[in-house]
Amino acid sequence: MSTSDRIIPDRLQSSLQRRVKSWETLLLAVAIAIFVANSFASPYFLNAWNLSDATFNFTEKAMIAFAMALLIIAGEIDLSVASIIALASTAMGAALQAGAGTPVLILVGLGTGLLCGAFNGVLVTRMGLPSIVVTIGTMSLFRGISYIVLGDQAYRGYPSDFAFFGQGYVWWVISFELVLFAIIAVIYGIILHKTNFGRAVYAIGNNPTGALFSGIRVQRVKFILFLLTGLMSGIAAVCLTSRLGSTRPSIAFGWELAVVTMVVLGGVNILGGSGSIPGVVIAAFVMGLVTFGLGLLNVPGIVMSIVIGALLIGVIALPRIWAMWRYH
Amino acid sequence: MLKRLLASREALLMGAIVVLLGLVATRFPSFITPSNLAGVFNDTSPLILLAIGQMIVILAKCIDLSVAANLALTGMVVSMINVAAPGMPIAIIIIVAISLGTIMGMFNGLLVWKLDIPPIVVTLGTMTIFRGIIFLISDGKWVNSHEMTAAFKAFPRAEFLGMSMMSWTAVLAVFIFTMVMTRTTIGRSFYAVGGNPHAATYTGINVGKSQFWAFTISGALAGLTGFLWVSRYAVAYVDIASGFELDVVAACVIGGISIAGGIGSVGGAVLGALFLGVIKNALPVINVSPFWQLAISGSAIIIAVAFNAQANREKGRIILKSAENAQ
């Protein structure tokens, strides 16, 4: 989806951009409200271990969401991330069968992620294909290869030191995944908001032609962004495989939409050009808290999806309804 | 003449399907018997119906990811109606299915038209909402074959001139929407909206309203398909047609519909759906494991996109193009 296709009038676009600052505030209020509601709704909620468990609901997805946020800000999208997890996890399983130890397993996971990202990147930047269709194709392709390799089998028996990445705790209730999530959030925050590369990402999303003529290597930046979503999917694959302790071809099914939801909920304009990392961090917490709080109330997962869907549309629609009501 | 024929994507796709059928026939000759081909067409009919709706939405520069969830919700509702009121005539059931799908499509369309929310966000949201509602109304339970009435299950299977009613529904839809897209103002307005929204606005076309109608049509077709789907497979549950929206988008892309809007035809969407349908039906016949299916359809999508991009490459703006390629 390239930015030249945008159909929202400029009038709305700029008002949306002006609202981004308050977007995080609005989202933070939603998060706090959910947190308070949760603690009233269930006596089991305010327990350090429970709250720590709740983070597993979003840490892996959020790692990908940061890279996806940059990609969407630059006006592209990667729908193949969940399939990259499946393929990376399958590759790790195959390496395991070949007798690889934990360091090799991690290298294989990250390497597979990078390769898949590079494949997407080449198709989009070298051949000039629209990323939404390319990644719908590679989404089937990558998961399809997992199915070809695994069939209806599963790989089990990961070494015990490998389990640390998905199950280990660094200090008291602070899990390794949560620490990794925090580090990655800071790194992406710096990349997007403090570096020239970050400025280039915004510039490309707002006006690719303008960016090109101001000396930004548009295609190279986009290629790096696809590499990043691939790499983050590889990291998520290591964590998820370690947490589950097994690999199936159906692993992380449907995650691409959860990741995109997280990014959009975080205030990133799906048409490119605006968004922030703090927004995505808060959105990750909102989604994690909603899922976990409803889970404590024994609400089935599929009903939670109604809430997530309504939240996604509602958070975007309410300011616009408010604006219409005020000015008409 | 030959050059024009070769340039037509429909002709090329038709050729590709014929080649595909020929290849399968060398391994398994009875695949191309008329009765088997009618079976393949029947299996592909739901995909054809949804691909027509999706094509119109994509033409209008939008995307509808909620079609499979719409299909599943409508299917669940009509099968529950059938269980609760076994005596209700099929005609009324079909009207209910189409209306319900239409309402869901209109909901998507209103959010896009009145609130200017990007279509991908709207349909991503409604996709999960519709699936959740199925769980709420059904309590996660299945409606099984023995609970449905014989008349309910018989409709898509009923034969007429050697083809099932399911196939005839697809044929009828192809005919109607070919007429709508080529002969009516609203049909042409979809092309105008997708081709150049600003120009469309200046010619007096309401862009948002056209997109609203595109979603409505897509929803109506999804509702109709929902009834056909549950009555054909004689079962309804929360996850039916899960992930089918991507097959539908894939069929459109293979059929040469430009994801950027404005380019495409009903014939292309139908041929794209048939291409996927032939692959899906041929794999088990020629002893290729079904596990290969995803990878093969994924490759088909990528090749089709690459091919379309090659054919659509713009000839103008030479300086800019060379600047882009110089990197």
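Protein chains get the first letters and strands the later ones, always in sequence-line order, with residue 1 at the start of each.
Looking at heavy atoms from C-beta onward, Met68(A) lies in side-chain contact with Ile72(A) at the 4.5 angstrom threshold. You'll find the side chain of Phe142(A) reaches within 4.5 Å of the side chain of Phe119(A), heavy atoms only.
Between the side chain of Ser66(B) and the main chain of Met127(B), no donor-acceptor pair closer than 3.5 Å is present. Side chain of Tyr191(B) to backbone of Gly264(B): a donor-acceptor contact under 3.5 angstrom is found. A donor-acceptor contact shorter than 3.5 Å is absent between the side chain of Ser80(A) and the backbone of Ser83(A).
For chain A, the nearby parts of Ile133(B) are the backbone and the side chain; heavy atoms of each come within less than 4.5 Å. At a 4.5 Å heavy-atom cutoff, the contact between Ile301(B) and chain A is made by side-chain atoms alone. Proximity to chain B is limited to the side chain of Val264(A), based on heavy atoms less than 4.5 angstrom apart. Interface residue Ile148(A): backbone and side-chain heavy atoms are both found under 4.5 Å from chain B.
At least one test fails for Lys209(B) against the ring of Trp113(B): distance under 6.0 Å to the centre or angle within 45° of the axis.
Highest contact tally toward chain B, considering only Val133(A), Leu123(A), Ile321(A), is held by Val133(A) [criterion: heavy-atom pairs under 4.5 Å]. Per-residue counts of heavy-atom pairs under 4.5 Å with chain B were compared for Leu141(A), Thr138(A), Ile306(A), Thr125(A); the largest is that of Ile306(A). Ranked by heavy-atom pairs under 4.5 Å with chain B, the list Asp152(A), Val307(A), Val134(A), Val260(A) is led by Asp152(A). Among Leu246(B), Ile302(B), Ile296(B), the residue with the largest count of heavy-atom pairs under 4.5 Å with chain A is Ile302(B). Between chain B and the residues Leu257(A), Leu311(A), Ile145(A), the most heavy-atom pairs under 4.5 angstrom are made by Leu257(A).
Donor-acceptor pairing under 3.5 Å is lacking for the side chains of Asn108(B) and Thr123(B).
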